[in-house]
Number of protein chains: 2
Amino acid sequence: MATAPQEVCLTDNLMHFMALSDTDMHLLAELEQTPQPVSRGQTLWKAEDVPRTLYTLRRGWAYSMHRSESGEGQVLDIFLPGDLMGIRELTLPAHSTDVVMLTSGVVCPFPAERLLDIFQHSPSLTLAIHAAAARQQVIISKRLVNILRHDARARIAHFVLELYYRLKRVDESVHRDFSVPLLQSDFGKLLGMTKVHVSRTLGEMESQGLLRKTRKDIQILDLERLLEISAFDPMKLTDQLNPTLTAALFPSAPT
Amino acid sequence: MATAPQEVCLTDNLMHFMALSDTDMHLLAELEQTPQPVSRGQTLWKAEDVPRTLYTLRRGWAYSMHRSESGEGQVLDIFLPGDLMGIRELTLPAHSTDVVMLTSGVVCPFPAERLLDIFQHSPSLTLAIHAAAARQQVIISKRLVNILRHDARARIAHFVLELYYRLKRVDESVHRDFSVPLLQSDFGKLLGMTKVHVSRTLGEMESQGLLRKTRKDIQILDLERLLEISAFDPMKLTDQLNPTLTAALFPSAPT
DNA sequence: ATCGAGAGATAACATGGGTTATTCAAGGTA
DNA sequence: TACCTTGAATAACCCATGTTATCTCTCGAT
C-alpha cells in the first residue's frame with residue numbers, strides 16, 4: 001500500500017498528451033502561482049454561484065455533487081491531483097453542482113478571465129485545455145455507458161478501475177493497493193445505488209476474490225477479471241493527442 | 001402537430017448565447033460551405049476511427065452509440081439541427097462511438113484542422129465553440145444525474161423534456177406536439193431500460209395524462225407535472241454566457 | 001391488394017436492488 | 001477509560017424492472 005501523494009500540477013497533467021512550449025509552460029505556471037491549503041469538507045463553490053474562479057487541484061481529492069431538493073445528492077465528478085476544476089461550467093451563467101474537498105489538500109485558484117488570455121496568446125495551449133476538458137467528459141460519458149448497461153457488481157468494478165488508471169496516470173508509484181477517501185455511500189451516489197446494496201456487493205466481490213475495500217483503501221485482487229466483467233477500456237489511448245491534429249500543429253515534427 | 005424543419009446552421013446555434021462579430025460569422029460560414037445530403041441510417045463515423053472530420057447538422061437527427069461486444073448498444077448523444085458533431089472527440093486519438101443518422105438530413109463536413117485556424121484567429125469564436133461543447137456536456141451530465149436518481153417514469157419524462165426544450169431553442173415553432181424519430185428501443189438504449197419496460201411505462205404515462213408517444217411524434221399533455229416528476233431544469237439560463245466572461249470580452253459593452 | 005418485417009402491446013414469471021431496521025466496529029473526544 | 005458519533009454489515013421483506021414469449025398492428029415493398 002502507501003501511495004506517496006507528492007504534488008501534481010496542471011502542467012504534469014497536460015504534458016501527458018501534448019508537448020508544451022516554454023511559453024505555454026510559463027503561461028500555465030502563472031495560473032498556479034497562488035497555492036492555497038484547503039481542509040477536508042471545504043466547499044470550493046456551490047450550485048447557483050456564478051463561475052468566476054477556476055481551480056487546479058495540486059493535492060487531495062474533491063467531488064462535485066448535484067443536490068436535489070428531495071434530500072439526497074448525486075456525485076458527478078471525482079477530481080484527482082492534477083485536475084482542472086471548473087472548466088465545464090466556465091461559460092455557463094451558473095454552477096449546477098457543489099464542489100467539496102474529500103480530503104485536505106492544496107488548490108490553486110485563478111480568475112476565469114485568465115483563460116481568455118490563454119485563448120488569445122496560445123492556440124496550442126487552448127487546444128491542450130480543450131483536450132483536458134474533453135478527457136473529463138470522456139470519463140463521465142464512460143461512466144454513463146457503464147451505468148446504462150451494467151449491474152451493481154460491474155458498476156463498482158468499472159469505477160474502481162477508473163480510479164486506478166486515473167491515479168496511475170499522474171502517479172506512477174500507485175500500486176494495486178491504493179488509498180481511496182470515499183465511503184460506501186459515495187459509491188452509491190456515483191453509481192446510482194443505495195449504500196446498503198454497495199455494502200452487499202462489495203462483500204460479494206471480496207468473497208469472489210475481485211477486490212477488497214476497507215475504510216481507507218482499495219486492493220485490486222484480480223485485475224483481469226475486473227477488466228472483463230466491467231468491459232473497462234483502459235484508455236491508454238486517451239493519453240495521446242489525435243494524430244491528425246498533431247500533424248497540423250507541428251508540421252515539421254516527426255509523428 | 002407539424003413542425004416545419006427549416007434548416008438551422010451552427011451560427012444560429014452559437015448566436016443564442018453569444019454575440020458574434022462579422023469576422024466570426026464569416027469564419028463560421030466557411031465551415032458550412034459544403035452541405036451534403038445524408039440518408040436515414042447513414043453512418044458518419046464509427047468507433048475506432050481517427051477523428052478527422054467534424055460535422056454541423058443542418059437538418060435531421062442523428063445519434064451516437066457505444067456498441068458493446070455483448071450485442072446491444074447504448075446511446076450517448078442525440079444530435080439536433082444546429083448541433084456541432086464531433087467536438088468532444090476532436091482531440092482524442094480515436095472515436096469511441098458510432099454516429100448514425102436517425103432521419104435523412106443535411107450535414108456540413110469540415111476537416112478538424114479547420115478548428116485550429118479558428119483557435120488562432122478568433123479568441124471569441126474559440127470561446128463560443130468551447131461554450132457549445134460545454135453545453136453538450138451539460139446535457140449528458142443532466143441525463144446522468146437524472147438516471148442516477150429516478151425511476152423509469154421520471155427518466156422518460158426528463159428525456160422528453162430535454163428534447164422539447166432543445167428543439168424549441170432552435171425552432172420557435174415547435175409545439176407541444178412535436179415529431180420524434182425515436183423508437184421505444186432507442187429510449188431504452190438512452191435511459192438504461194428494456195424496450196418492454198419503456199412500452200409499459202409509456203402506456204402508464206399516457207393513462208395518467210402526462211404524455212403520449214406514437215410512432216412518429218410525442219404530445220406533451222401535462223407539462224407542469226412532467227417538470228415536477230422529473231425535476232427537470234429548463235436551462236433557459238444555459239442560453240446565456242457567464243456574465244463574468246461577457247464583461248471581460250466586451251469591456252465597453254453594457255451588461 | 002397482398003405480404004413480410006419490424007415495432008409495439010401484453011402477460012407470466014424471475015430477480016436485482018430498494019427499504020427499513022438492527023447490530024457491530026472504529027475513531028474522535030472528554 | 002468510557003462515551004458517542006458515524007460508517008459498515010446483515011437480514012427480512014417488497015417492488016420495480018428484466019426476461020421470455022406471443023400476438024397484433026403498421027408500413028413499405030412487390
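We name chains A, B, ... by the order of the sequence lines, and we start the count at 1 in each one.
Side-chain to base pairing of Arg200(B) with dG8(C): no donor and acceptor N or O lie closer than 3.5 Å to each other.
Aromatic ring centres of Tyr63(A) and Phe79(A): separated by at least 6.0 Å.
Toward the 5′ end of DNA chain C lies the nearest nucleotide of Thr194(A), the other residue of the pair Thr194(A) and Arg215(A) mapping further downstream. The residue among Met193(A) and Leu183(B) whose nearest nucleotide of DNA chain C is located toward the 5' end is Leu183(B).
Taking 4.0 angstrom as the limit, Ser199(B) places none of its side-chain polar atoms (N or O) nearer than this to OP1 or OP2 of dG8(C).
Look at CD1 on Ile156(A): it is 15 Å from P on dG16(C), rounded to the nearest Å. At whole-Å resolution of the value, NZ in Lys195(A) and C1' in dG17(C) are 16 Å apart. One can place NE2 of His197(A) at 16 Å from C1' of dA8(D), the figure rounded to the nearest angstrom. In this structure, the CD1 atom of Ile147(B) is 12 Å from the P atom of dT17(D), given to the nearest Å. In this structure, the CG atom of Asp151(B) is 16 Å from the P atom of dG17(C), given to the nearest Å. When the C1' atom of dG18(D) is taken as reference, atom CZ of Arg149(A) falls 17 Å away, rounded to whole Å. The CZ atom of Arg40(A) sits 12 Å away from the C1' atom of dG28(C) (whole-angstrom rounding). dG17(C) atom P lies 20 Å from atom NE2 of His150(B), rounded to whole Å.
Looking at heavy-atom distances under 4.0 Å, Gly192(B) makes contact with sugar-phosphate atoms alone, never a base.
Ser39(A) contributes no side-chain N or O that, together with a main-chain N or O of Gln42(A), makes up a donor-acceptor pair within less than 3.5 Å. Side-chain atoms of Arg166(B) come within 3.5 Å of backbone atoms of Ile78(B) as a donor-acceptor pair (strictly under, hydrogens ignored). The backbone N or O of Lys195(A) sits nowhere less than 3.5 Å from a side-chain atom of Ser199(A) that would complete a donor-acceptor pair.
Remark: the Arg200(A) side chain and the His197(A) side chain contain an N/O donor-acceptor pair separated by less than 3.5 Å.
Looking at the side chain of Val196(A), the nearest of the listed nucleotides dT10(C), dT10(D), dG17(C) is dT10(D).
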